[in-house]
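For reference, the structure is listed below as structure tokens.
We count residues from 1, following the sequence as given. When reading the values below, keep in mind they use all heavy atoms of this one structure, side chains included, and skip hydrogens, waters and symmetry mates.
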Amino acid sequence: MNKRKLLALVLTGVMAISTLAGCGSSDTKTSDTDVKTSETAETSDKNVLRVGMECAYAPFNWTQDSDTTPDGSKAVPIYGSDYYAYGYDVAVAQKLADEMGMDLEVHKVEWSSIGISLDAEDYDVIIAGMGKTAEREASYSFTEPYYYRDNCIVVKKGSAYENVKGLSDLAGTGCKVTTQLGTGWVPLLDQIEGAEQSGNYETTSECFMAISNGVADVCVVDLPTAQSAALTNDDLVIIQLDADDSFTGDDEMVNVCIATRKDDTALRDKIQDAMDAIGWNDKAKMDELMDTVLTQQPAAN
């Protein structure tokens with residue numbers, strides 16, 4: 001009986017050790033899972049600057065097939081697509097992301113919903129050639145300007161408006177005017193006395209097409225965008241109106257700023273600090289980059 005009891009005790013001890021070993025093994029597996037979960041969380045929390053833009057507003061931003069540009073600069077993949085984005089906005093966004101130690105992620109969005117998608121947290125910042133207006137300041141937090149632009153008008157070559165010098169030359173002509181929807185240029189159309197509102201468009205490229213096709217006579221837009229379009233469309237004539245016979249109250253469209261959600265001042269300030277660190281308050285630097293970018297866009301844009 002003593003032997004049997006001894007054997008029973010030995011077997012009980014072995015089972016106990018096996019059970020403990022089993023617990024230890026289970027703990028080890030859990031630990032491995034925890035490590036993997038931690039690694040996944042770390043990857044998902046990676047520092048990413050998520051930027052919304054049209055990718056259809058050359059030279060500020062456009063869509064292209066590859067990541068290469070003529071001068072060797074790198075275009076950025078458009079999130080959720082097989083295409084790439086480049087332009088002034090992308091180049092500046094990349095500079096800022098690099099300065100902040102963040103990866104750049106570009107989200108393509110229609111202009112009419114660019115604010116809605118920001119509020120829905122599809123991305124965290126708008127860098128899209130956006131002018132800082134009083135109305136927009138009620139909804140967004142803005143940095144200081146990252147570009148200063150001039151406004152102009154675009155007409156068709158050979159039209160009755162080709163030699164216009166100022167707004168007074170357009171007054172009473174009944175010209176058909178257009179611009180991009182949802183922009184600070186829309187109110188400027190009312191300053192063209194007697195003009196016919198021919199309807200505005202989602203993109204500037206549609207505005208220029210309307211001029212080429214004779215659907216509209218005059219398009220109000222910014223100078224870089226007009227210059228970009230004129231590079232591949234010799235039907236267009238750019239007119240910078242005489243300073244004393246031009247639009248009034250258009251200063252808001254001159255200041256092109258970066259926008260975050262209204263309550264996201266921390267990100268706004270972080271971006272502003274990065275702008276200050278790379279000296280992006282120098283108009284000469286801005287103009288130099290814009291001049292370079294104008295030469296980089298594919299002909300299709």
Side-chain angles (χ1 to χ4, degrees), residues 48-64 75-94 96-97 102-143 145-147 149 151 178-189 197-210 216 219-222 224-225 228-229 252-253 255-265 267-268 271 297 300-301:
V48 178
L49 183 64
R50 303 188 304 156
V51 179
M53 60 181 70
E54 291 172 274
C55 301
Y57 178 35
F60 286 92
N61 52 75
W62 65 74
T63 299
Q64 60 183 55
V76 175
I78 295 174
Y79 181 81
S81 86
D82 296 326
Y83 294 95
Y84 298 83
Y86 196 63
Y88 183 87
D89 291 332
V90 179
V92 171
Q94 188 65 71
L96 296 176
M102 303 175 76
D103 289 337
L104 177 60
E105 187 176 279
V106 171
H107 291 248
K108 185 172 184 175
V109 59
E110 290 189 356
W111 177 252
S112 58
S113 60
I114 200 164
I116 295 171
S117 297
L118 177 69
D119 291 335
E121 300 187 7
D122 292 343
Y123 40 81
D124 302 308
V125 58
I126 297 172
I127 306 180
M130 177 184 279
K132 181 174 71 172
T133 66
E135 181 180 358
R136 287 173 182 160
E137 282 193 283
S139 303
Y140 312 116
S141 289
F142 284 99
T143 64
Y146 71 101
Y147 187 69
R149 64 185 168 200
N151 295 321
T178 188
T179 191
Q180 186 181 19
L181 286 165
T183 66
W185 297 311
V186 174
L188 302 184
L189 300 181
Q197 304 274 342
S198 65
N200 301 322
Y201 297 90
E202 175 70 26
T203 66
T204 53
S205 59
E206 291 173 291
C207 296
F208 298 133
M209 192 178 299
C219 173
V220 180
V221 72
D222 66 270
T225 302
S228 173
E252 289 183 326
M253 287 303 291
N255 298 323
V256 184
C257 302
I258 297 170
T260 65
R261 285 181 286 278
K262 186 65 176 178
D263 60 353
D264 198 356
T265 54
L267 178 58
R268 188 271 316 274
I271 293 171
Q297 65 192 69
N301 284 282

- prompt: Can you tell me if Asp103 uses its side chain to pair, donor with acceptor, with the backbone of Val48 under 3.5 Å?
  reply: no
field: Expected output: side-chain Glu202 to main-chain Ser112 donor-acceptor under 3.5 Å
entry: yes
task: Kindly compute the distance separating CD1 (Ile78) from OG1 (Thr63), expressed to the nearest 0.5 Å.
output: 4.0 Å
- request: Classify the side-chain pair Thr203/Glu54 by whether it contains a donor and acceptor separated by less than 3.5 Å.
  value: no
- prompt: How far does CD of Gln64 sit from CD of Gln297, to the nearest 0.5 angstrom?
  reply: 10.0 Å
- prompt: Judged by atom type as modelled, is there a donor-acceptor pair below 3.5 Å linking the side chain of Trp185 to the main-chain atoms of Gln180?
  reply: no
Side chains of residues 129-138: which donor-acceptor partners sit under 3.5 Å, not counting sequence neighbours?
from, atom 1, to, atom 2, distance (Å)
Thr133, OG1, Arg136, N, 3.1
Arg136, NH1, Gly131, O, 2.7
Arg136, NH2, Gly182, O, 2.9

message: How long is the straight-line distance from CZ of Arg268 back to CG of Asp263, given to the nearest 0.5 Å?
response: 11.0 Å
message: Please check if the number of heavy atoms outside Glu110 that lie under 6.0 Å from its CD is greater than 12.
response: no
field: Donor-acceptor pair, side chain of Asn61 and main chain of Ala56, under 3.5 angstrom
entry: yes
- prompt: Will you find, in the side chains of Tyr146 and Asp89, an N or O donor that is under 3.5 Å from an N or O acceptor?
  reply: yes
message: Assess, by modelled atom type and distance only, whether the side chains of Ser81 and Lys108 contain a donor and an acceptor separated by less than 3.5 Å.
response: no
message: Can you classify the ring geometry of Phe60 versus Tyr57 as parallel (below 30°), tilted (30 to 60°) or perpendicular (above 60°)?
response: parallel
